[in-house]
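In what follows, every heavy atom counts, from backbone to side chain, and hydrogens, waters and symmetry copies are set aside. We count residues from 1, following the sequence as given. Whatever order the structure lists them in is the order used to number ligands and atoms, beginning at 1.
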Amino acid sequence: MASIGQPIDRVDGHLKVTGRARYAAEFELPDVTYAVLVQSTIGAGEITGFDLARAKAMPGVLAIITPENAPKLSIKEGPQQVVRAPLLQDMRVHYNGQHVGVVVADTLDRAAAAASAVRVHYRREEPVTSMDAVLGQAYVPTRFRNGERPPDTRRGDPDGAFSAAAIRIEANYTTPVEHHNPMEPHATIARWEGDRLTVWTTTQGISAAQQSLATLFGIDRGKVHVLSPYLGGGFGSKGNTWPPAVIAAMAARMVDRPVKLVTTRAQMFTSNGYRPRTIQKLRFAADADGRLVAMRHDGFAQTSMPAVGEFAEPVGLATEMLYACPNVAVTHRLVALNAGLPTYMRAPGLASGNFALESAMDELAAALKMDPLEFRLRNYAEQDPHEKKPYASKALRACYQQGAELFGWARRSPEPRSMREGDVLIGWGMATSTYPTHRMPAKACVRLEADGHAVVQVGTQDIGTGTYTVMSQIAADALGLPLERIRCELGDSALPPAPISGGSMTVASVGPAVLAACQAVRDRLFEHTRAEPRFGLQNAPTDALRLEDAAVVGPEGRVGLAELLGSKGVEFVEAEGSAKAGEEHERYAMHSFGAQFAEVRFDPLIGQLRVSRFVGAFDGGRVMNAKTARSQLIGGIVYGLGMALLEETHVDGETGRIVNANVAEYLMPVNADVPDIQTILVANDERTSNPLGAKGIGELPMVGVAAAVANAVFHATGVRVRDLPIRIERLV
Ligand code: MOS
């Protein structure tokens, strides 16, 4: 039976629950030393000197590295963005918590004690910490989407159409700074052998990390070996090669011993990016029949000071493509603060952007006195209105219908504050979800052994989403073998290269390469089969042969793998496969879609707001594994509930210091916050986007959640909350 699509347990599940799956920080190297970072305590300024005497005299200290003695790195613009400023290269301080030094000692405790004894002298400057205060200095991003598209787009005459429209809304929405907080902290063990560097590190992209480290240390890419066999989540925070990994490698070179550097939970708020705060100004208009006539979405996002780097949160991407509207303008602007470099965080741009977009759609539906779902159906885009192309597939209508049916949307009473149970106000809200379908080139190698076992090798990494499992399934089906006969090797930069695990593109990118390698193995076996007359299959056409239970099977017989390979005097067949996007990406628009439905209950007597029910229906293309897919959907919705109700990083305006850099005060949903979540994966057997037909489901399920909840809160209470997270003090 084909394994693709089945609800199959993770192939690495046992290893994980028994502790045998080893994560970066868990590798044991002889002679290892420990590094602890020293961070700035001012928000902006210059380091005038270090007082290291006390720290140096402490037991076990092997080295203290500061900008005064750190080796110079080669920081040039490469294919991979290198995070520049906090690499101990100069005495400038751009934000509070910037790395300004590192202490290496023979034990972790000794390194930590000495790090706390390091004294740094500063010349302080006033940090810029408030976006609102410097909004007038907003500027156009210099490298929006890696320069692949302009930051602003426009079709028709949105301002003219807005002024002339019957129904208009104009509203500003804000989203706060949020941090990824994966369960596993960032960790690196670095070891030099001559001019060869090996790192065990927490990265979503072993190839990208290999390139970044090679660039920075000015060595050949082939001299850097990156290992990342298991990851405890990343959510985008492990996409870049952040300073701690680089500083660990720097320190290992200085002490000439392996160095282990694990960031603390607090340091993860200042070391590896975050979702930047956004201010979004929307002006939407419709005609009296509920047809959108104008959409204007002006997005402002915070970034770091230019010396640190630039990151532009793409909040307007869905506004330009999600609905059929003739007049649309989207702009993206940046506001530089004395803050670390922001980065991708699960559904970057779309998560914050769709809060504004889908809230504004709800506001417009309310102004039209039209059901919010009906309003969206009335503006359904049959082809991509931005790219002006047909979709490779779009089952959004099925998502709306099946989601609404399961939720019971038809029983919604339209007026705000009209549904209640005793004193408790009940609200139902919905929103649309979407995420682009990305694909990058990848290679894979497959070896099929005579005993019917196969090894799949590919230089991708499993960030916790189930890559080992899904790649094993793809190979099992393609080779006609049961899943337990497949062994998958990932997370090693010596394996065939694959892209970063981000942008929800791993299955779409890596899957086809595994498939191609399996097909190459199969073709070779069929060739051998037909070349040998005694197997009696020499006249069988290729498409009449198949691989099944470790045998080549044809119309007039079968030959076992052992016999087949034995006849060639070999013990295995091995082949490489590579895959990349073709011209279908020029002809079709590719996105995944979804419909989100939330029920909230607000008790005005005690000011309690709960999400009591949630339904998400999704079109992520063809489903690879119903179980890991459902895990992704639930995880994404929970991530969205955090965005809606809880998550916010607080920065002290005077010092630029993050004041809730811990998981007690940075609130995230716990089980008690998570209601009954029901998910639907609508049927879609497409194969246009890529040979597997998987459009991506990693980020899709969190998009629209915050808007669905805010829209439900409006329906329950009549209060429109336009600033995340939604706070009860706005409702009482
Ligand atoms: Mo994801 S934010 O593309 O790792």
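With sequence neighbours excluded, no residue satisfies ring-ring contact (aromatic ring centres under 6.0 Å, His included) with Phe618.
Sorted by first and then second residue, the salt bridge (Lys or Arg N to Asp or Glu O under 4.0 Å) pairs with a member in residues 197-210 form an empty list; sequence neighbours excluded. Residue pairs meeting the side chain to side chain donor-acceptor pair (under 3.5 Å) criterion with at least one member in residues 499-514, sequence neighbours excluded, are Gln461-Ser501, Ser504-Glu699.
The minimum heavy-atom distance linking Pro182 with Gly232 is given by the pair CB-O, 3.6 Å.
The aromatic rings of His591 and Tyr391 sit perpendicular, their planes meeting at an angle over 60°, well past the 30° parallel limit. In this pair, Phe269 and Tyr666 present their aromatic rings perpendicular. The plane angle is above 60°, beyond the 30 to 60° band.
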Which protein N or O atoms sit under 3.5 Å from any N or O of ligand 1? Give atom names and distances.
from, atom 1, to, atom 2, distance (Å)
ligand 1, 3 (O), Gly503, N, 2.5
ligand 1, 3 (O), Glu699, OE2, 3.2
ligand 1, 4 (O), Gln204, NE2, 2.7
ligand 1, 4 (O), Gly236, N, 3.1

